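Here the structure comes first, spelled out in structure tokens, and everything after it is commentary.
Just so we're on the same page: letters track the sequence lines, and every chain starts at 1. These figures come from a predicted structure and were not determined experimentally.
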Amino acid sequence: MPELPEVEVVRRGLQTWVSGRTIADVQVLHPRAIRRHLAGAEDFAARLGDRTVGDACRRGKYLWLPLTDTDTSVLGHLGMSGQLLVQPQDTADEKHLRIRIRFADALGTELRFVDQRTFGGLSLHENAPDGLPDVLSHIARDPLDPLFDDAAFHAAIRARRTTVKRALLDQSLISGVGNIYADEALWRARIHYERPTATLTRPRSAELLRHVRGVMTAALAVGGTTFDSLYVNVNGESGYFDRSLDAYGREDQPCRRCGTPMRRRPWMNRSSYFCPRCQRVPRTPS
DNA sequence: AACTGCACCTGGTAGC
DNA sequence: TGCTACCAGGTGCAGT
């Protein structure tokens, strides 16, 4: 399940193996993969043809590739299960290959969008004046962005009448955080996922942000080490997921701080994992 | 306007 | 064995 660190690994891969190359042709093998490109598959392919790819960019979980000499970008989101792979052209098609992009050079590789559950996809958009694809106007900066405004974040969540995990997953407040890293950061900060944001003091929200950054930076360090080949990879199975998670997926296993069995609770058609001792349920005088 | 809840997907697995 | 039910969850939008 790609969140910000995994997407950043993919961005780096695209920058290394795709930026600067000129597109020869595009095959859309599943229409749902370009459903956000409203003009359809033929239009998508035609607009990419003969265009050159600029520097790979990211905000939160969104990736985009500007097309040089145009005011447009190819926007990508990996959804739940998406992968962007740079493969030798003679590699057999993946079972869930959705989009193939061939290049006009002789490097012998192509870019493939593979996605089992088809929550992700590619689309082409006009760039807004700030250079971002126009459809990203509602996506906040992510916590690894140097221009992320910690004070504004604190003020925004204090003004909301919602709970802290909802706020962490609200991409208009802070982008790039998903269910896994939200639980990890809340465990590190010893905050219960249902704590009202209005109860967070400035030091507590600062501490939470520090842990969000800490868990993402650690994941990025691990994910980054596996990426040193002709392969832009994201599969949610990096070593980080197996070895380093303290909360997510650890139901009934001892808390790594206090030994209390961790709990899982249904939450928003998902799950929240937490330590019932370290992360006390807030008393809510409604 | 701010907030809540759900549809969209498919493969793996648990249960019967 | 073969069927059903459920789970994973990011996003956008309909509904309140």
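- Within residues 147-162 of chain A, the residues that place at least one heavy atom under 4.0 Å from DNA chain B are, in residue-number order, A/Arg160, A/Arg161, A/Thr162.
- C/dG9 atom P lies 16 Å from atom CG of A/Asp115, rounded to whole Å.
- Each end of the helix from B/dA2-C/dT16 to B/dC16-C/dG2 yields a helix axis from five base pairs, and these two axes differ in direction by 50° (to the nearest 10 degrees).
- Between the P atom of C/dC13 and the CG atom of A/Asn269 lies a distance of 19 Å, rounded to the nearest Å.
- When the salt bridge (charged side-chain N to carboxylate O under 4.0 Å, His left out) test is applied to A/Arg59, no partner is found at least two apart in sequence or on another chain.
- One atom, CG of A/Leu168, and another, C1' of C/dT11, lie 17 Å apart when rounded to the nearest Å.
- Geometrically, A/Arg141 does not engage A/Phe148 in a cation-pi contact, judged by NZ or CZ lying under 6.0 Å from the ring centre and within 45° of the ring axis.
- Every side-chain contact (heavy atoms from CB on, under 4.5 Å) that A/Ala45 has, sequence neighbours left out, goes to A/Val26.
- Annotation: salt bridge (Lys or Arg N to Asp or Glu O under 4.0 Å) contacts involving residues 197-222 of chain A, sequence neighbours excluded, comprise A/Asp150-A/Arg213, A/Arg204-A/Glu207.
- Comparing A/Thr163 and A/His96 by the nucleotide of DNA chain B whose heavy atom lies nearest to each, the residue mapping closer to the 5' end is A/Thr163.
- For A/Gln279, there are no side-chain hydrogen bond (donor to acceptor under 3.5 Å, both in side chains) partners two or more places apart in sequence or in a different chain.
- Extent of DNA chain B lying under 4.0 Å from chain A heavy atoms, first and last nucleotide in 5' to 3' order, is B/dC3 to B/dG11.
- Applying the salt bridge (Lys or Arg N to Asp or Glu O under 4.0 Å) test to pairs two or more places apart or on separate chains, none has a residue in residues 65-82 of chain A.
- Through side-chain heavy atoms spaced under 4.5 Å, either directly or across other Ile, Leu, Val, Met, Phe, Trp or Tyr residues, A/Trp187 is tied to A/Met262.
- Not one N or O on the side chain of A/Arg35 forms a donor-acceptor pair closer than 3.5 Å with the backbone of A/Pro31.
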Just distance, no hydrogens or angles: give the donor-acceptor pairs under 3.5 Å from side chains in residues 263-270 of chain A, sequence neighbours left out.
unit_1	atom_1	unit_2	atom_2	d
A/Arg264	NE	A/Glu251	OE1	3.4
A/Arg264	NH1	A/Ser271	OG	2.8
A/Arg270	NH1	A/Met268	O	2.7

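- When heavy atoms are screened at a 4.0 angstrom cut-off, A/Arg35 is found touching no nucleic acid atom at all.
- Residues passing the ring-ring contact (aromatic ring centres under 6.0 Å, His included) test with A/His211: none are found, sequence neighbours excluded.
- Between A/Asn179 atom CG and C/dG9 atom P the separation is 5 Å, expressed in whole Å.
- Annotation: ring-ring contact (aromatic ring centres under 6.0 Å, His included) contacts of A/His192 (sequence neighbours excluded): A/Phe274.
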